[in-house]
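No experiment lies behind these values; they were computed from the predicted model shown. Chain naming here is simple, since letters A, B, ... match the order of the sequence lines and numbering starts at 1 in each.
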Protein chains: 2
Amino acid sequence: MTSTTSPRRKRDGSLRNDLIDAGVALLRERGADGLSLRECASKAGASHAAPGYHFKNLMGLSTAIAARGYRLFCEAMTQRLSEAGEDSFSRLEAICHGYLDYASAYPELFLFIFSGQKFNEGDEEFDTAARKAYGILRETCAPLVPAGSDPADLEILVWSLVHGYAHLTMTRKKENPELGLTWPELGSLMKHLERALQSRGSV
Amino acid sequence: MTSTTSPRRKRDGSLRNDLIDAGVALLRERGADGLSLRECASKAGASHAAPGYHFKNLMGLSTAIAARGYRLFCEAMTQRLSEAGEDSFSRLEAICHGYLDYASAYPELFLFIFSGQKFNEGDEEFDTAARKAYGILRETCAPLVPAGSDPADLEILVWSLVHGYAHLTMTRKKENPELGLTWPELGSLMKHLERALQSRGSV
DNA sequence: GCAATAACTTGACACTGTCAAGATAGCTCC
DNA sequence: GGAGCTATCTTGACAGTGTCAAGTTATTGC
């Protein structure tokens, strides 16, 4: 007569997506440490072990969240690229702006995917999203790579710069909302550094 | 008659340091996720709640480990600085090399202190160590800061670059031990980028 | 030697990830 | 339209975790 289970959700497969939504919300509310399978389940109105069915374990859920993070990251960059001209450097600046757009629109995902935390690298959804993000960088950098040098050198240079810059911008914005650096200033800084290198004759 | 407690350690206050040692070892063996108060206690031969006395909570232990990480980080940079000449750029290169030395000598601490994880910012030991590290960067950058610009701009530029570079070097070393970029290559890359900026007339 | 305090230990509780087993909703097939 | 089948969950259990309160003992100060 009385059923022993108390199903609250429709079994339509929508839970998987709801759990990712809940995870992103948790990241935003409590930071990376606050992410928990049980809390996500509760937030999505499911039982405590429900996430296990879709993601197997915590790393699985984290990986799914990171995959979404990378997809949104790609969207931010391609959006800026679509507005940019054809000049190679304009396009490089465009993806950098996309990077900053992403960091300010989804700070919790930005911090999460670049936290250094390990994800399931076998996961196809995650791999394609992450690879696509890096592919955008690679293609945008390609025309600027000096002949005979490893493309990865320029890629990591740009990646490091914009990442450190975004990180700084985020933390500074928190302390001082109206303050903000702009890319041209970075360009002039690099020019300055290069002058220092030249005067030293080491290049 | 029979004692209810079973003390195994001398109560000489050495536990605090042993717990930090255990924590560093755990980080090395199992990564940041493997760090746990109870495991550290067990590794140090103490009871499960002993760390609570010295560090109050997990963040307290993490902060103490990070403080040690920053101290070793400072040592690596000052070591290289002591061997460098007086030229401002040589000194900048020296702290970058120190950064790389540190990353390869203590990869687990390197990853830990720069993981983006929050530490107890009120902790005096941690604050002074972290501030000292940033002070070394600031002082070394100071002579190279363009007149009228915010010193923080150059600092974050250098910091981002060397961090991204160290990160790349670490991951590459794992795949391809004999491969390694050198700083001069980075310098020439920046020169190249600056030329691109100039030809565009945007600087 | 005695009291005070520092440096722990023990025990408990709530919470977590993860697994095994059960239940049921919705589909397919006859 | 009923019988099964399977995807999609729920329940229950267990070991591990952080953290607190209370007890115990070694060491110190007098």
I'd like to check the side-chain contact (heavy atoms from CB on, under 4.5 Å) partners of L58(B); sequence neighbours left out, ordered by chain and number.
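Applying side-chain contact (heavy atoms from CB on, under 4.5 Å) to L58(B) gives L37(B), S62(B).
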
For K43(A), is the NZ atom crowded, meaning more than 12 foreign heavy atoms sit under 6.0 Å from it?
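Correct, the count exceeds 12.
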
Interatomic distance where CG belongs to L15(B) and P belongs to dA26(D) [whole Å]
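In whole Å, dA26(D) P lies 16 Å from L15(B) CG.
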
Please verify the inter-ring angle class for Y99(A) with F73(A); under 30° counts as parallel, over 60° as perpendicular, anything in between as tilted.
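Aromatic pair Y99(A)/F73(A) classed perpendicular.
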
For F119(B) together with F112(B), are the ring centres under 6.0 Å from each other?
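Between F112(B) and F119(B), the centre distance is under 6.0 Å.
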
Kindly write out the residues that satisfy ring pair (Phe, Tyr, Trp, His ring centres under 6.0 Å) with H163(B), not counting sequence neighbours, or none if the list is empty.
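H163(B): ring pair (Phe, Tyr, Trp, His ring centres under 6.0 Å) contacts with F110(B), F114(B), H167(B).
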
Could you tell me whether the side chain of [X] and the main chain of [Y] form a donor-acceptor pair under 3.5 Å?
{"X": "S42(B)", "Y": "R38(B)", "value": "no"}
{"X": "Y102(A)", "Y": "G69(A)", "value": "yes"}
{"X": "T63(B)", "Y": "N120(B)", "value": "yes"}

Restricting to salt bridge (charged side-chain N to carboxylate O under 4.0 Å, His left out), what partner residues turn up for R91(A), sequence neighbours left out?
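Testing R91(A) for salt bridge (charged side-chain N to carboxylate O under 4.0 Å, His left out), a comparison that skips the adjacent residues, returns none.
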
Please tabulate, one pair per line, each protein N/O and nucleotide N/O from nucleotides 13-15 of chain D that are separated by under 3.5 Å, including the distance.
from: dA13(D); atom 1: N6; to: H48(A); atom 2: NE2; distance (Å): 3.4

Heavy atom of residues 53-65 of chain B under 4.0 Å from DNA chain D: which residues?
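Here the set is N57(B), L58(B).
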
Please list, in numerical order, the residues of residues 20-37 of chain A that have a heavy atom closer than 4.0 Å to any atom of DNA chain C.
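By residue number: S36(A), L37(A).
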
Would you please say whether a donor-acceptor pair under 3.5 Å links the side chains of Q79(B) and E75(B)?
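Short answer, no.
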
